[in-house]
*Asks:* 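Structure below; questions to follow.
Computed from a predicted model, the values in this text were never measured in an experiment.
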Amino acid sequence: MTFKDKIIIYLHNKSERLDNEYLDQVNYYRYRSPDENDYLEMIIKKTRRDLCNEIIGDIMVLLNLKRN
């Protein structure tokens with residue numbers, strides 16, 4: 001396994017973990033009444049996920065790969 005492969009696997013796992021955290025948060029608030037702090041947590045998780053996906057896209061361009 002090359003270093004490039006390891007980077008791709010790491011980035012994929014990181015992206016999946018952040019997506020799952022965000023979706024868990026969304027699902028959690030479907031069954032309870034959220035307050036201001038809950039909305040702030042949701043914004044933070046969404047921002048982290050979006051930033052990570054943007055950085056991963058840039059890294060894929062640098063590695064000359066297309067992201068699915």
*Asks:* Enter the distance from T47:OG1 to L18:CG here, rounded to the nearest 0.5 Å.
*Replies:*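 The distance works out to 11.5 Å.
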
*Asks:* Quick check on the hydrophobic clustering: are Y10 and F3 connected, directly or via other members, by side-chain heavy-atom contacts under 4.5 Å?
*Replies:*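 Yes; F3 is reachable from Y10 via cluster members.
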
*Asks:* Side-chain contact, heavy-atom cut-off 4.5 Å: L62 with D58?
*Replies:*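 No, their side chains stay 4.5 Å or more apart.
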
*Asks:* What's the shortest heavy-atom distance between D38 and S33, and which atoms?
*Replies:*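 D38 and S33 have their closest heavy atoms at OD2-O, 4.2 Å.
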
*Asks:* How long is the straight-line distance from CG of D24 back to CG of D19, given to the nearest 0.5 Å?
*Replies:*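 CG of D24 is found 10.5 Å from CG of D19.
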
*Asks:* First locate atom OH of Y29, then atom CD of E41, and finally report the distance between them rounded to the nearest 0.5 Å.
*Replies:*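 If we round to the nearest 0.5 Å, Y29:OH and E41:CD are 4.0 Å apart.
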
*Asks:* Give, for atom OH of Y22 and atom CD1 of I44, the distance between the pair rounded to the nearest 0.5 Å.
*Replies:*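 CD1 of I44 is found 13.0 Å from OH of Y22.
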
*Asks:* So among L11, L51, I8, which one has a side chain to side chain contact (heavy atoms under 4.5 Å, CB included) with I56?
*Replies:*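 Output: one option passes, namely L11.
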
*Asks:* Would the number of heavy atoms belonging to other residues, nucleotides or ligands and lying under 6.0 Å from CD of E36 be above 12?
*Replies:*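 No - once you tally the heavy atoms of other residues, nucleotides and ligands closer than 6.0 Å, there are 12 at most.
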
*Asks:* Have N20 and R17 got a donor and an acceptor in their side chains that come within less than 3.5 Å?
*Replies:*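 Their side chains do not contain a donor-acceptor pair, so the 3.5 Å distance test is not met.
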
*Asks:* Output, in order, the C-alpha distance, side-chain angles, deciding distance and verdict of side-chain contact (heavy atoms from CB on, under 4.5 Å) for H12 and E16.
*Replies:* CA-CA 6 Å; H12 175 73; E16 286 295 313; 3.7 Å; yes

*Asks:* Enter the distance from Y39:OH to I43:CD1 here, rounded to the nearest 0.5 Å.
*Replies:*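 Result: 10.0 Å between the selected atoms.
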
*Asks:* Got a second to check how far I59's CD1 is from C52's SG, nearest 0.5 Å?
*Replies:*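 Reported to 0.5 Å precision, the distance equals 8.5 Å.
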
*Asks:* Verify the cluster assignment for I9 and I7: are they in a single hydrophobic cluster under the rule of side-chain heavy atoms below 4.5 Å apart?
*Replies:*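 No, it is not one cluster - the side chains of I9 and I7 are not joined through contacts under 4.5 Å.
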
